[in-house]
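Reading through the structure tokens given below for one structure.
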2 protein chains.
Amino acid sequence: MNNIVIVDDHPIVIGGLLALLQADKALQVMATFTAGQAFLSFLAGADFIDIVLLDITLPDISGVEVCKQIKKISPETKVLIISNHSERSIILQMLQQGASGYLLKNASSEELVRCVHDVLEGKVAFSAEVMTIMTRPLQNERKATPHLTKRERQVLSMIAAGRTSASIAEELCVSQFTVETHRRNLMQKFEAGNTAALIRMAAEQQLL
Amino acid sequence: MNNIVIVDDHPIVIGGLLALLQADKALQVMATFTAGQAFLSFLAGADFIDIVLLDITLPDISGVEVCKQIKKISPETKVLIISNHSERSIILQMLQQGASGYLLKNASSEELVRCVHDVLEGKVAFSAEVMTIMTRPLQNERKATPHLTKRERQVLSMIAAGRTSASIAEELCVSQFTVETHRRNLMQKFEAGNTAALIRMAAEQQLL
DNA sequence: TCTTTTCTACTGGTTTTCCAGTATATTTTG
DNA sequence: CAAAATATACTGGAAAACCAGTAGAAAAGA
């Protein structure tokens with residue numbers, strides 16, 4: 001018998017999930033919550049929870065944070081996200097935070113139950129629509145990565161590591177003016193006004 | 001009949017994949033490459049490729065970059081990663097770059113063929129071991145996120161957007177000295193020596 | 001109501017980045 | 001071999017960040 005907890009801000013959604021899951025004898029809904037904090041307080045003192053069905057948009061803290069806390073407090077508890085967010089980056093962010101599955105709220109009942117069981121069995125589970133989102137051609141979700149020379153990538157990496165231009169110059173055996181020119185060129189290529197924006201954009205484009 | 005291309009730096013691996021895939025009448029291996037650049041040149045002038053089996057470690061450019069280029073040049077071409085890299089962050093990075101599947105080189109022949117077919121059918125596919133990696137408890141893969149106050153998160157976000165302290169002060173209707181104090185506190189919490197390191201760490205912890 | 005936390009603001013100063021330009025040498029490419 | 005790209009380096013200066021400290025007001029929590 002698997003213990004389930006449902007965390008969603010809409011009581012109607014919780015009601016629907018309850019009706020669906022209670023028909024499955026292998027599943028036991030032990031509690032439901034409409035807010036993240038309340039659930040986390042419960043989690044700290046609860047019996048073991050096999051799986052949490054978690055929305056991302058909650059009234060108090062975000063589902064991202066709740067997922068992190070679940071994996072910190074009870075690492076063996078699986079997390080299956082049920083959300084309206086359909087962006088690939090959000091899906092991957094939830095996987096990065098330890099979620100084992102993701103489906104959209106428009107998934108069929110059959111898909112929901114299948115995903116619950118797949119996750120309980122230790123698999124990664126997506127609904128069909130999430131599969132489509134994950135595999136469809138990228139649609140320029142982000143600005144094109146500017147072409148960087150080898151030296152520029154090297155300087156960028158060192159800047160991101162917190163080094164000053166003087167320190168970088170010393171390590172690369174060049175003048176600080178040279179490093180400053182590389183910085184300027186990097187800022188022009190990323191169209192960044194300062195180092196903070198440069199590093200943020202580089203991180204977004206996975207160049208660090 | 002699905003057209004396949006194999007890109008791997010080890011000819012022996014290519015040989016093994018070839019032997020395996022040629023037994024499947026639905027699959028046609030149209031070419032193999034041991035370097036990324038050579039493959040990308042081929043791709044630009046090739047007939048349509050249904051799926052590319054791609055290693056990450058290549059002698060010239062990385063599989064990450066090759067994957068990006070594949071999705072840019074031929075968005076409908078599927079990418080299935082076959083790699084020795086088993087870190088969750090790398091797996092997710094490949095998915096972020098448009099890969100539809102990921103398996104480790106120790107996957108069985110059956111798993112490999114199943115993944116190829118699943119990806120061709122528009123699914124996301126992982127080998128069993130990759131599923132395990134994706135769902136096992138996180139193991140403090142990264143430093144704990146420091147506790148930030150609401151105002152600190154606000155200032156951090158604006159710094160990351162490239163704003164100067166003066167500009168942030170103006171928008172928040174506080175003194176520039178106040179913003180500078182928030183910056184200092186942020187740098188202390190993240191143990192960062194300058195803004196570049198601060199923003200990089202914040203990005204790593206998905207706070208931006 | 002008291003304590004703690006958060007937010008606010010200042011001093012006086014140093015260090016670092018950013019600016020816009022100019023220019024030569026080396027390496028790579030066609 | 002010539003052209004283009006990359007790397008290097010400098011000027012003179014302004015703008016911004018960083019430093020370490022101090023300190024009071026407001027909000028939140030116990």
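This structure is a prediction, so every number in the text was calculated from the model and none was measured. Convention: sequence-line order gives letters A, B, ...; per-chain numbering from 1.
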When rounded to whole Å, the CG to C1' distance for the pair A:Asn194 and C:dT16 reads 13 Å
State whether A:Glu180 and A:Arg184 are salt-bridged, where the test is any N-O pair (Lys NZ or Arg NE/NH1/NH2 against Asp/Glu carboxylate O) under 4.0 Å. no
Is there a donor in the side chain of A:Asn2 and an acceptor in the side chain of A:Gln28, or the other way round, less than 3.5 Å apart? no
Rounding to an integer number of Å, can you tell me how far A:Gln188 CD sits from D:dA7 C1'? 15 Å
Within the 3.5 Å criterion, strictly below it, is a donor on A:His10 or A:Asp55 matched to an acceptor on the partner's side chain? no
How does each nucleotide of nucleotides 25-30 of chain D score, in 5' to 3' order, for protein heavy atoms under 4.0 Å: base (B), sugar-phosphate only (S), or none (-)? ------
Hey, what do you get for OG1 (B:Thr195) to CE (B:Met187), rounding to the nearest 0.5 Å? 6.0 Å
When rounded to whole Å, the CG to C1' distance for the pair A:Leu198 and C:dT16 reads 15 Å
Note: B:Met134 and B:Arg88 closest approach over all heavy atoms is O-NH1, 3.1 Å
Just checking, any donor-acceptor pair under 3.5 angstrom between side chains of B:Ser165 and B:Gln176? no
Any carboxylate oxygen within less than 4.0 angstrom of a Lys/Arg side-chain nitrogen, looking at A:Lys78 and A:Asp118? no
Using side-chain heavy atoms (C-beta onward) and a distance below 4.5 Å, is B:Tyr102 in contact with B:Ile82? no
Grab the CD-C1' distance between B:Glu180 and D:dT22 for me, whole Å please. 16 Å
Between the main-chain N or O of B:Phe177 and the side-chain N or O of B:Ser175, is there a donor-acceptor pair closer than 3.5 Å? yes
Using rotation axes that map the C1' atoms of four end pairs onto the next four (five pairs an end), what angle separates the end axes of the helix from C:dT1-D:dA30 to C:dG30-D:dC1, to 10°? 80°
Which pairs, protein N/O on one side and nucleotides 6-9 of chain C N/O on the other, fall under 3.5 Å?
{"from": "C:dC7", "atom 1": "OP1", "to": "B:Arg151", "atom 2": "N", "distance (Å)": "3.2"}
{"from": "C:dC7", "atom 1": "OP2", "to": "B:Thr149", "atom 2": "OG1", "distance (Å)": "2.3"}
{"from": "C:dT8", "atom 1": "OP1", "to": "B:Arg151", "atom 2": "NE", "distance (Å)": "3.4"}
{"from": "C:dT8", "atom 1": "OP1", "to": "B:Arg151", "atom 2": "NH2", "distance (Å)": "2.8"}
{"from": "C:dT8", "atom 1": "OP2", "to": "B:Arg151", "atom 2": "NE", "distance (Å)": "3.1"}
{"from": "C:dT8", "atom 1": "OP2", "to": "B:His182", "atom 2": "NE2", "distance (Å)": "2.9"}
{"from": "C:dA9", "atom 1": "OP2", "to": "B:Ser175", "atom 2": "N", "distance (Å)": "2.5"}
{"from": "C:dA9", "atom 1": "OP2", "to": "B:Thr178", "atom 2": "OG1", "distance (Å)": "2.7"}
{"from": "C:dA9", "atom 1": "O5'", "to": "B:Thr178", "atom 2": "OG1", "distance (Å)": "3.3"}

Nearest-Å distance for atom pair CZ/C1', residues A:Arg163 and C:dT15: 17 Å
Starting from C1' on C:dT17, measure out to CD1 on A:Ile168 and report it in whole angstrom. 12 Å
Measure the spacing between CD of B:Glu129 and NZ of B:Lys105 and express it to the nearest 0.5 Å. 14.0 Å
Without decimals, in angstroms, what is the distance between B:Arg183 CZ and D:dA15 C1'? 13 Å
A:Met187 atom CE is separated from C:dA20 atom C1', nearest whole Å, by 13 Å
Using side-chain heavy atoms (C-beta onward) and a distance below 4.5 Å, is B:Phe39 in contact with B:Ile70? yes
